[in-house]
Amino acid sequence: MSFLGVDVGTTGAKALLVDAHGNVKARATHEYAMSHPRPLWAEQDPNEWWEATERSIEQVADGEVEAVGLTGQMHGLVLLDERGEVLRPCIMWNDQRTAAQCAAITARVDVGRLTGNPVLPGFTAPKIAWVRENEPDIYARVAKVLLPKDYVRYRLTGEFFTDVSDASGTALFDVKNRAWSDAMLDAVEVPRTWLPEVTESAEASARVCVGPLKGTPVVGGAGDQAAQAVGAGVVREGIVSVTLGTSGVVFAASDAYRVDPRLHSFCHAVKGKWHLMGVMLSAGGSLRWYRDVIGGEPYDRLTGAAAASSEGVIFLPYLSGERTPHPDPQAKGVFFGLT
């Protein structure tokens, strides 16, 4: 008996095959690029996610998969037309172009009361407003709005679903009551028909309709942070995790719905639980930027050289603005102490 996990990450799509005891049987990753067409903008092509996912699944699937679970980067805006075709590149979680839209939404409605969170540039709702204001021809053709992992679910199953943890990061979701917020949808002028049905993370929502895994159940899954919290055992109060991926995240499970304006308050992947987290936008992403733009060396050589240095150079990693503890899309990166 095997289970397949799929992660639509920021740097690549990963497939992981595990047995009933959680032992890893096979894994595969295929990378894709991120585009920065303008400063503070970040985009990816959802079709590249699917192609990388297909290749990764082909490498690990053994034909005896009992169920598929999905996770991935949160907040990204994927727009589909009525035929299910992608209308534009995904506007990513670390894109900071929507400060004006966030301010307009905040002035119009009490976002914190309705969703449990301030509306931030990385979230999905202001991106929809940005497309309406700046790309009206594309906006006029929108039929569905999906998050990254849920686009891959659509390609696997032909169905439109999301889960409570990922929906929490859209600024369109009533986190306390684990349902779409009609008041927020009205405020942002988003038709309810554009949004997928929401399930709890462990609920089977669809079945694979393509390829050798046809008929296999696909569960709701979770946003990347909630999913890895389950894997790390961060499922009850008193346990906190720190993650250094592309972003940096401090994550605390909560047995009750709580709100803290400095943090994100989201539904946990565990039914009936929530979590609080603080997010730094460029953690490992800063290292990749340094490798690609300045360093030109493998990670192990770069980190080895840094560990051997005693010069005390400090880097403020605000390459995509910042969220926690002070949300500021205009925050800038700095090297300090160069000699």
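- Under the 4.5 Å side-chain heavy-atom criterion for grouping Ile, Leu, Val, Met, Phe, Trp and Tyr, L77 is connected to L87 within one hydrophobic cluster.
- Residue M184 is grouped with residue V142 when hydrophobic side chains (ILVMFWY) are merged at heavy-atom distances under 4.5 angstrom, including chains of intermediate members.
- Pairing each heavy atom of T324 with each of V279, the nearest pair is OG1-N, 3.0 Å.
- Taking all atoms of both residues into account, the shortest heavy-atom contact from L147 to A167 is CD1-N, 4.1 Å.
- Side-chain contact check for Q44 and S35: no donor-acceptor pair (N or O, by modelled atom type) lies under 3.5 Å.
- There is a side-chain donor-acceptor pair under 3.5 Å between W93 and T10.
- Within 6.0 Å of atom NZ in K214, 12 or fewer heavy atoms from other residues, nucleotides or ligands are found, so the atom counts as exposed in its surroundings.
- Between the side chain of S56 and the main chain of A13, a donor-acceptor pair closer than 3.5 Å is present.
- Proximity of W180 to V198: side-chain heavy atoms (C-beta onward) are separated by under 4.5 Å at one or more points.
- Residues satisfying the side-chain hydrogen bond (donor to acceptor under 3.5 Å, both in side chains) criterion with D300, sequence neighbours excluded, are absent altogether.
- Of the possible donor and acceptor atoms, none in the side chain of D150 sits under 3.5 Å from a partner among the backbone N and O of L146.
- The OG1 atom of T53 lies 11.5 Å from the CD atom of E48; values are rounded to the nearest 0.5 Å.
- Residue P126 comes nearest to I105 through the heavy atom pair CA-CD1, 4.0 Å, listed as atom of the first residue, atom of the second, then distance.
- Nearest heavy-atom pair, I239 versus V234, reported as atom, atom and distance to 0.1 Å: O-CG1, 3.3 Å.
- Looking only at distances, a side-chain donor or acceptor of R153 sits under 3.5 Å from a matching main-chain atom of V219.
- Every residue two or more places apart in sequence or in another chain that forms a ring-ring contact (aromatic ring centres under 6.0 Å, His included) with Y154 is listed here: F160.
- Contact of the Y151 side chain with the P46 side chain is registered, since non-hydrogen atoms from C-beta on lie closer than 4.5 Å.
- At least one donor-acceptor pair under 3.5 Å links the side chain of S265 to the backbone N or O of R258.
- A donor-acceptor pair is defined here as one N or O able to donate and one able to accept, closer than 3.5 Å; no such pair exists between the side chain of D174 and the backbone of A179.
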**OP:** Start with the C-alpha distance between E197 and S205, add both sets of side-chain angles, then the distance that settles side-chain hydrogen bond (donor to acceptor under 3.5 Å, both in side chains), and finish with yes or no.
**Re:** CA-CA 9 Å; E197 184 177 340; S205 56; over 6 Å; no
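- In terms of modelled atom types and a separation under 3.5 Å, the side chain of K273 and the main chain of Y257 share no donor-acceptor contact.
- The residues K127 and D95 are annotated as not salt-bridged, no charged nitrogen and carboxylate oxygen being separated by less than 4.0 angstrom.
- Ionic pairing of E135 and R88 is present here: one or more N-O contacts between side-chain nitrogen and carboxylate oxygen are shorter than 4.0 angstrom.
- Atom NZ of K176 and atom CZ of R178 lie 13.0 Å apart (nearest 0.5 Å).
- Heavy atoms only, all atoms of each residue included: A129 and Q101 are closest at CB-CG, 3.9 Å.
- Residues L319 and I314 do not share a hydrophobic cluster, defined by chaining ILVMFWY side chains whose heavy atoms lie under 4.5 Å apart.
- The pair R323-D328 does not meet the salt-bridge criterion, since no charged nitrogen lies less than 4.0 angstrom from a carboxylate oxygen.
- The backbone N or O of G5 sits nowhere less than 3.5 Å from a side-chain atom of K14 that would complete a donor-acceptor pair.
- Relative ring orientation between W49 and Y32 is described as tilted, the plane-to-plane angle lying within the 30° to 60° band.
- Qualifying ring-ring contact (aromatic ring centres under 6.0 Å, His included) partners for F335, counting only residues two or more places apart in sequence or in other chains: F315.
- F173 is not listed as a side-chain neighbour of L195, based on a closest heavy-atom distance of 4.5 Å or more.
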**OP:** Determine, step by step, whether Q225 and T243 satisfy the side-chain contact (heavy atoms from CB on, under 4.5 Å) criterion, reporting the C-alpha distance in whole Å, the side-chain angles of both residues, the deciding distance to 0.1 Å, and the verdict.
**Re:** CA-CA 8 Å; Q225 298 303 320; T243 303; 3.7 Å; yes
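- Tested against V145 for a side chain to side chain contact (heavy atoms under 4.5 Å, CB included), the candidates V131, T193, I128 yield a single pass: I128.
- R55 forms no cation-pi arrangement with W50, by the criterion of a distance under 6.0 Å to the ring centre and an angle within 45° of the ring axis.
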**OP:** Determine, step by step, whether L79 and I138 satisfy the side-chain contact (heavy atoms from CB on, under 4.5 Å) criterion, reporting the C-alpha distance in whole Å, the side-chain angles of both residues, the deciding distance to 0.1 Å, and the verdict.
**Re:** CA-CA 9 Å; L79 299 176; I138 290 175; 4.3 Å; yes
**OP:** Start with the C-alpha gap between D224 and M74, add the side-chain angles, then the distance that decides, and say whether side-chain contact (heavy atoms from CB on, under 4.5 Å) holds.
**Re:** CA-CA 7 Å; D224 51 4; M74 300 177 69; 3.7 Å; yes
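- Here the straight-line distance linking atom CD1 of I294 with atom OH of Y290 works out to 5.5 Å at 0.5 Å rounding.
- You'll find the side chain of H264 reaches within 4.5 Å of the side chain of L120, heavy atoms only.
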Original post:
Run the side-chain contact (heavy atoms from CB on, under 4.5 Å) check on T115 and L172 step by step: do they pass?
Top reply: CA-CA 7 Å; T115 72; L172 298 171; over 6 Å; no
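- Closest of all the heavy-atom pairs between L213 and V208 is O-CB, 3.3 Å.
- Using a 4.0 Å cut-off between a side-chain N of Lys or Arg and a carboxylate O of Asp or Glu, R141 and D137 do not qualify as a salt bridge.
- Taken from CG in N23 to OG in S2, the straight-line distance is 10.5 Å, to the nearest 0.5 Å.
- Two residues are said to be in side-chain contact when any heavy atoms from C-beta on lie closer than 4.5 Å; I57 and L4 meet this criterion.
- Under the 4.5 Å side-chain heavy-atom criterion for grouping Ile, Leu, Val, Met, Phe, Trp and Tyr, V60 is not connected to L16 through any hydrophobic cluster.
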**OP:** Check the pair W194, Y139 against ring pair (Phe, Tyr, Trp, His ring centres under 6.0 Å), reporting the backbone distance first and the verdict last.
**Re:** CA-CA 12 Å; W194 285 8; Y139 185 82; 5.3 Å; yes
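- Cluster membership for F266 and W274, using ILVMFWY side-chain heavy atoms within less than 4.5 angstrom, is not shared.
- Side-chain atoms of Q73 come within 3.5 Å of backbone atoms of G9 as a donor-acceptor pair (strictly under, hydrogens ignored).
- Between H30 and Q59, the side chains place a donor N or O and an acceptor N or O closer than 3.5 Å (distance only, hydrogens not considered).
- Here the side chain of D81 pairs a donor or acceptor atom with the backbone of R83 at under 3.5 angstrom.
- Separation of atoms CG (D7) and OG1 (T29) is listed at 8.5 Å; rounding is to 0.5 Å.
- Side-chain atoms of D163 and S201 form a donor-acceptor pair, as typed in the model, at a separation below 3.5 Å.
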**OP:** Show your reasoning for whether salt bridge (Lys or Arg N to Asp or Glu O under 4.0 Å) applies to D255 and R236.
**Re:** CA-CA 6 Å; D255 293 338; R236 59 179 173 83; over 6 Å; no
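- Side-chain atoms of P37 and E43, non-hydrogen and from C-beta on, do get closer than 4.5 Å to each other.
- Residues T199 and F161 are in side-chain contact: their nearest non-hydrogen atoms beyond the backbone lie under 4.5 Å apart.
- Put simply, the side chain of R207 does not reach to within 4.5 Å of the side chain of V218, judged on heavy atoms.
- Using modelled atom types, one side-chain atom of E322 and one backbone atom of L281 make a donor-acceptor pair closer than 3.5 Å.
- With rounding to the nearest 0.5 angstrom, the CH2 atom of W41 is 13.0 Å from the NE2 atom of H36.
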